[in-house]
2 protein chains.
Amino acid sequence: MSTRRVRARRGEGALLREEILRAAEDLLTEAGTEDALTLRAVARRAGVSTPSVYLHFADKDALVEAVCMRVWDELGRLFTGNLGGDPFLALGRCARAYARFALDHPVQYRVLMLRPSAAPGVPPAAETAFRHMVAAVAACVETRVFEGDPEELALGLWSAVHGCVSLLIAQPAFPWPRDREALIDHIVRQAGFGAAVYSRLPGTLPPSKELAARLDEFGARLAAVPDEPSRRQSSP
Amino acid sequence: MSTRRVRARRGEGALLREEILRAAEDLLTEAGTEDALTLRAVARRAGVSTPSVYLHFADKDALVEAVCMRVWDELGRLFTGNLGGDPFLALGRCARAYARFALDHPVQYRVLMLRPSAAPGVPPAAETAFRHMVAAVAACVETRVFEGDPEELALGLWSAVHGCVSLLIAQPAFPWPRDREALIDHIVRQAGFGAAVYSRLPGTLPPSKELAARLDEFGARLAAVPDEPSRRQSSP
DNA sequence: GCCGTCAAGTTGACGATGTCAATCTGAGGT
DNA sequence: ACCTCAGATTGACATCGTCAACTTGACGGC
């Protein structure tokens, strides 16, 4: 691993970039924290001198961001792969996929989403994630299961899912329920129905106890009609 | 500021602790980022030599955590101050207060909630925040506007609010709506109704288009009865 | 009034890190 | 055989967290 790397041929200097990224990625996932991502450690692992990193990355932050971004297009695939069918169900699948993705790449997620971006402007990570969410929500607005501005609705859903995985990632010592998958399921459905119900609320509502009674009645009315018995469930 | 501090009298060594905390706090809020919190900078500002910090804090992380914790009991006051009256309304006020608190102390919030805690175990910050949330939710379960396990429900609400402020803090360049207060309002209500509705859902639901129709009907049924016209609104 | 003690605080140093200017090296065209 | 310049290295700098060893001076006792 620490054998000195053979110099790249002319015109193939960019090869080093890839090797540095790989070395950095390995360091990150092996150590499980971005503190292990030292320029010196990365360079050593790539079999190269430390300042060589600067041939391909402006500074350390650029390297870290590039490393974390490497995994991010997987998120796009997860989203598009989960579209299709009932939009409300698809949205739920997308949200769950998003959460699973975050938990599968906790370090990358934390670096990209839980830190003030070094570069100014909207970080591409947040941009793409949000765009996908908005698209899935817009489809639900189309079928009228949601009502209102897709971006506004998506912000609520995104907040819920992002909040949940952020807490899971940043507070691992918290007494979480054993079944993370079930927790995420719970959060996603709760947020999904919140979005569905919220836009239909009248400005004025009854006080709590009366509201509770009407909600009870509502639950019964939501059940599937008997002529669609095959469907397991239709909630996100 | 850089005048050498007069030595404390015997038995009053702990005075320095307070001065160091104050200096560190000022640095943090002035610079707006925890990178400015250097042991050397703190010591210089406190008029003291750098290693003196170690007389009162085990290491840098301990200092940073102590600084951020200093502001955290304010959160408890905000919560208890917003209790009383209709529990559903109170919960909404608490959630909004939580969000406002986070946005008022973005650096502290990020350090305490968006970072892997250096010390093992549950960080007191997350613990207290969650306990308060659970208590407010439990009151709503009491009036039956929520149904189910308060902790489970609170996790959903906490996720939504925490997710929203996390995004606001960590992604300031994102094209947020101008009115942050309104955004938070939106998120809180959306999450609140999600929690209220979720636990009442039957296992099987109709497909999107039918669900949409029933939701429309539901909105109308939720409106306040005419004999309670004075109440502005009863949503969190 | 002097003194010894011990809490309170400082000195100086170490290793590690990000970064940069200056330098070297050697593959490939002529 | 030689030149060129992309590809990479050397050596250094400032800054950081941290520590062992040292100094200072307030205070109780004589």
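Order of the sequence lines sets the chain letters (A, B, ...), proteins ahead of strands, with each chain counted from 1.
Summarising the geometry, the separation between CG on B:L15 and C1' on C:dA8 is reported as 11 Å, rounded to the nearest angstrom. Here D:dT15 presents its P atom at 16 Å from CG of B:D35, a figure rounded to the nearest Å. At whole-Å resolution of the value, CG in A:L37 and P in C:dA16 are 18 Å apart. A:R44 has its CZ atom 12 Å from the C1' atom of C:dT17, to the nearest Å. We find that CG of A:L63 is positioned 10 Å from P of C:dT19, with the value rounded to whole Å. As a whole-Å value, the separation of B:R40 CZ from C:dT17 P is 16 Å. In this structure, the CD atom of B:E34 is 16 Å from the C1' atom of D:dC16, given to the nearest Å. The distance between atom OH of B:Y54 and atom C1' of D:dA21, rounded to the nearest whole Å, is 16 Å.
The CZ atom of A:R110 lies 10.0 Å from the CG atom of B:L114; values are rounded to the nearest 0.5 Å. Interatomic distance, SG of B:C164 versus CD1 of B:I169, reported as 9.5 Å (0.5 Å rounding). Put simply, CD on B:Q108 and CD on B:E34 are 10.0 Å apart, with the number rounded to the nearest 0.5 Å.
For A:L39, whose side chain is taken as the heavy atoms from C-beta onward, the closest listed nucleotide among C:dT11, C:dT19, D:dC16 is C:dT19. Closest to the side chain of B:K60, out of C:dG9, D:dA12, D:dG17, is D:dG17. The side chain of A:T50 sits closest to C:dT19 out of D:dT18, C:dT19, D:dA26.
Heavy atoms of B:S52 sit under 4.0 angstrom from at least one base atom.
Judged by closest nucleotide on DNA chain C, B:R7 is the one of B:P51 and B:R7 placed further toward the 5' end.
Between C:dA8 and B:R9, no contact under 4.0 Å exists linking OP1 or OP2 to a side-chain N or O.
With B:F101 as the fixed residue, the ring-ring contact (aromatic ring centres under 6.0 Å, His included) test singles out one of B:Y109, B:W72, B:F79: B:W72.
A donor-acceptor distance shorter than 3.5 angstrom exists from the side chain of B:H132 to the backbone of B:T128, with no hydrogens or angles considered.
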